[in-house]
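This report refers to the structure that appears directly beneath it.
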Number of protein chains: 2
Amino acid sequence: MARSGTTKKVTRIQREKTEAILNAALDVFSKHGFRGSTIDMIATNAQLSKPNILYYFDSKETMHAQLLERMLETWLEPLEQMSGDGDPVNEICGYVQRKLEMARDYPRESRLFANEILQGAPHIIDQLSGPLRALTDRKAVVIQRWIDEGKLSPVDPYHLIFSIWSTTQHYADFDVQVQAVLGDAKNLRFEQAQVHLDTMFRALLTRD
Amino acid sequence: MARSGTTKKVTRIQREKTEAILNAALDVFSKHGFRGSTIDMIATNAQLSKPNILYYFDSKETMHAQLLERMLETWLEPLEQMSGDGDPVNEICGYVQRKLEMARDYPRESRLFANEILQGAPHIIDQLSGPLRALTDRKAVVIQRWIDEGKLSPVDPYHLIFSIWSTTQHYADFDVQVQAVLGDAKNLRFEQAQVHLDTMFRALLTRD
DNA sequence: GTCTATACATTGATAGAC
DNA sequence: GTCTATCAATGTATAGAC
């Protein structure tokens, strides 16, 4: 293995190749799921040979695991940014917007995650009931406090968060369907979604 | 083949076995996706031998295609029920409830569909830009008419429908995640979701 | 109609030349 | 570090006995 054992130094070339491979792997895994993807597909996409891929990564699973690990970090980030100090409605709607931007700019990551969850989350179930649950619990407390202080209309914090996740990710995961029904260009679809989701969650949070 | 050619008669036994196989196939396909599923898994689940499965169905694809076809019918049904004559808010919220009940009672079908869409809908892209789009267009006209008549707060009909699809199906497709975060029993989760979604869409449709 | 046995293709991973 | 060749395992589908 190039990146283990005696030599700890990782050259620029090595890092760039690893990145190129991971990028190709993300392409393939997000489109076909783990079992639907073959190392050959990844090799073709990365313009490398199959054994060359396996020189940089021990196995198909290693690539998949690394991609999932990365994705989970960026996945949790937008929610962590939601601050308990700002204006409640703006904080939540800001989170919605960031999440929608992620669906627009990183649809592959969203689909990789969706594929994993659909299969029962075999590789990340621990992260779901660990870090993800902990983060959600923390933010649910903040939202509940806002409600108790009369700054938000009463709403179940957890299901509010689920609604934010589902509506925003829908534009990445079900993009084919959205496009089949709407037909519009991608940028236009996301501008419409932006307005719509802001309207919806604002209505929910500020009803009388 | 048992069900083609000279004999057109389909016995009760044959029909029951075909049903049992399709039921097992739905179990497996919805959990592992098309390529992640093997005929062996389906055979084990149906308590039959692999060749016996292939006696009733030409191929793995045939089973998958039949399941998708069935699912699409039931998928379109709840939206078709939404009548242009009733009370607008109740009609839409009734649709939300029916869709949520489907996610609760037929999660396998929902996941089968989600898997197919995630992979780019290779087998049903025509149904999406055909029947599904046509139905959505019809209902969007109804919703727009309600808005023009002042019976609903202004909202983009298409993105309203997307929000209904995404929030309800989320409880089937992302069930593992919902359970990891909430931990509650399934029935409780769906009761909470029912209240939450009714509140949310009612707020959106009746804001001032 | 249902089974065992097997043909044939795909695929993950390794060996060894260069 | 990268390639060709190949192994072993898995999986779809068929042949043929019963």
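Proximity of A:Lys17 to the phosphate of D:dG1: no side-chain N or O atom is located under 4.0 Å from OP1 or OP2. The phosphate of C:dT2 has neither OP1 nor OP2 within less than 4.0 Å of any side-chain N or O from B:Tyr55. OP1 or OP2 of D:dC3 lies within a sub-4.0 Å distance of a side-chain N or O belonging to A:Asn52.
In this structure, the salt bridge (charged side-chain N to carboxylate O under 4.0 Å, His left out) partners of B:Arg133, at least two apart in sequence or on a different chain, are B:Asp137. Every residue was checked against the ring pair (Phe, Tyr, Trp, His ring centres under 6.0 Å) condition with B:Phe201, not counting sequence neighbours, and none meets it. B:Glu116 is linked by a side-chain hydrogen bond (donor to acceptor under 3.5 Å, both in side chains) to B:His123, counting only residues two or more places apart in sequence or in another chain. Under the salt bridge (charged side-chain N to carboxylate O under 4.0 Å, His left out) criterion, A:Asp156 pairs with no residue, sequence neighbours left out.
Residue pairs meeting the side-chain hydrogen bond (donor to acceptor under 3.5 Å, both in side chains) criterion with at least one member in residues 29-50 of chain B, sequence neighbours excluded: B:Asp27-B:Asn45.
With rounding to whole Å, A:Leu48 atom CG is found 7 Å from D:dC3 atom P. Between the CE atom of B:Met41 and the P atom of D:dT12 there is a distance of 8 Å, given to the nearest Å. Rounded to whole Å, the distance from OH on B:Tyr56 to C1' on D:dA13 is 18 Å.
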* **Nucleotide-resolved protein contact map, nucleotides 12-18 of chain C, B/S/- at heavy-atom distance under 4.0 Å** => BBB----
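Remark: the backbone N or O of B:Phe34 is paired with a side-chain donor or acceptor of B:Lys60 at under 3.5 angstrom.
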